[in-house]
Amino acid sequence: MTSSQTSSAAETTAALGEEQGAAVRFPEDFTWGASTASFQIEGSTTADGRGPSIWDTFSATPGKVLNGDTGEPAVDHYHRYPEDIELARGLGLGAYRFSIAWPRVLPKGSGTANQAGLDFYRRLIDTVLEAGMEPWPTLYHWDLPQALEDAGGWPARDTAYRFAEFAEVVRDALGDRITHWTTLNEPWCSAFLGYADGAHAPGRNEPAAALAATHHLLLGHGLAAAVLREGQGGASRRVGIVLNQTTVRPHSTDPVDISAVRRADGVRNRIFTGPLFQGAYPVDVMADLAHISDFAFVRDGDLSVISAPLDHLGINYYKPECVAASADGIDPEYIESGGDGSAYVGCDDLVFVRRGLPRTDIGWEIDATGLYDVITRLAAECPGVPLYIAENGAAYDDEVSADGGVHDRDRVAYIDTHLRAVHEAMGTGAPVKGYFVWSLLDNFEWAWGYSKRFGVIHVDYTTQRRRIKDSGHWYARVAGSGELPPVGA
Ligand code: FCB
């Protein structure tokens with residue numbers, strides 16, 4: 001570890017000092033929820049007329065997902081949703097965030113709707129409502145119908161219009177039951193992991209296509225948001241988007257590392273917040289990427305569609321990033337990636353480094369100050385828009401103990417620390433209105449398959465038996481009391 005790594009770790013650990021340890025109270029009307037996503041939990045990928053998605057194709061391709069895992073049977077939520085919703089109710093949650101699989105509703109991405117798919121979501125939503133929770137659907141959590149990928153995928157402009165068509169079908173079928181809508185989950189992952197880095201479906205390595213995908217995802221968001229606000233009941237619908245913005249920290253105070261941060265921040269964060277909040281792509285980002293794309297995919301009127309005001313903004317946060325201008329002088333053990341045309345398009349010369357902080361079992365460094373920074377930054381960038389932490393949580397190699405429990409103390413500590421960061425950000429005036437833990441259940445963790453467990457409820461993948469982990473019991477206490485107990489209590 002270099003000296004700069006040591007000092008930045010120490011500084012960030014100290015930053016949230018005042019929130020550590022003590023009991024902390026959240027407002028009465030704070031929403032406590034849990035999140036899931038269709039492909040990660042449902043299984044039944046060919047049931048009742050569902051069409052294939054890019055994740056079915058990708059996970060069936062040898063070498064793409066660890067251990068050859070696929071979306072079958074996942075945690076069989078398609079059949080076990082009554083039990084799962086009952087478990088969520090038992091935790092005392094106020095809201096359940098899930099996603100609606102586009103290929104269940106429109107098996108070919110467009111055209112005739114599949115009534116059986118809509119019926120499944122109606123049953124699910126009714127079960128959530130009967131359990132006294134608010135259903136929070138996301139329209140796109142990465143399962144693009146394969147037929148649309150075959151027609152060009154998100155780099156093709158038409159996909160944005162097909163997404164608006166999907167939104168209309170869902171609105172007409174389910175709109176009377178839903179208040180809070182989310183268009184996209186983490187478009188950065190869809191565009192950059194899917195089309196540049198290739199670690200996610202559809203697994204393409206085309207940097208220019210990733211930039212076109214970014215724009216068409218944002219356009220799809222804007223078109224779908226307008227559709228959701230139209231029609232009967234439209235005025236009372238609250239529409240938002242979920243972003244995985246993160247803090248990008250410099251490896252050192254050297255101006256070259258500071259400049260590296262500006263560039264990485266541009267393609268991770270500002271390429272989304274610019275169009276959404278200011279109606280323009282940042283000039284420096286377009287200049288940085290000019291050798292890859294001329295942004296000719298942006299047409300007249302697009303940016304006003306994209307920048308229509310949001311009713312709420314979701315934040316997914318797991319870890320910050322740390323970037324250096326070069327690998328010079330950095331212990332190779334601390335270099336995460338770089339120099340290989342990774343997900344950060346146009347940043348091939350930069351190096352992403354670890355800072356030597358403790359990590360979860362997926363290898364992600366733990367630093368809740370990054371969440372504080374993301375919240376306070378977004379609160380300033382889109383003033384007055386209610387913020388929700390739509391995902392936050394940790395993967396640990398949980399085991400069922402001899403006593404039948406799952407004693408995941410590390411996950412409790414992770415969530416506790418991050419909730420303290422949320423609370424501290426709220427103390428600065430940031431309008432955070434809720435927190436959804438990722439995830440309700442262990443599930444299919446994308447390219448990691450079933451090897452990474454994020455649930456506050458354990459799933460035995462052989463028997464499909466569910467067991468509430470200690471973190472689930474702890475989270476239920478927090479949701480029930482609105483208070484974080486003192487650490488160790
Ligand atoms: C987020 C995804 C979610 C889950 C967590 C761990 O990026 O939105 O589906 O995989 O990471």
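Just so we're clear, the structure is a prediction, and the values are computed from it rather than from any experiment. In each ligand, atom 1 is the first atom listed, and ligand 1 is the first ligand listed.
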Trainee: Can Glu321 and Thr246 be counted as having a side-chain donor-acceptor contact under 3.5 angstrom?
Mentor: no
Trainee: Who are the salt bridge (charged side-chain N to carboxylate O under 4.0 Å, His left out) partners of Arg237, not counting sequence neighbours?
Mentor: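 By the salt bridge (charged side-chain N to carboxylate O under 4.0 Å, His left out) rule, Arg237 matches no residue at all.
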Trainee: Run through ligand 1 for me and note each protein residue having a heavy atom under 4.0 Å from it, chain first, then residue number.
Mentor: Gln40, His141, Trp142, Asn185, Glu186, Asn316, Tyr318, Glu391, Trp438, Glu445, Trp446, Phe454
Trainee: Could you note down all residue pairs passing salt bridge (charged side-chain N to carboxylate O under 4.0 Å, His left out) where residues 179-190 supplies at least one of them, sequence neighbours left out?
Mentor: none
Trainee: Do Thr36 and Ser439 have a side chain donor and acceptor closer than 3.5 Å?
Mentor: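 Side-chain D/A pair, Thr36 to Ser439: absent.
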Trainee: Among residues at least two apart in sequence or on other chains, which ones pass ring-ring contact (aromatic ring centres under 6.0 Å, His included) with Trp188?
Mentor: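 ring-ring contact (aromatic ring centres under 6.0 Å, His included) list for Trp188, sorted by chain: Phe192, Tyr344.
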Trainee: Within a radius of less than 6.0 Å around CZ of Arg409, do more than 12 heavy atoms belonging to other residues, nucleotides or ligands occur?
Mentor: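 Open: at most 12 neighbouring heavy atoms sit under 6.0 Å from CZ of Arg409.
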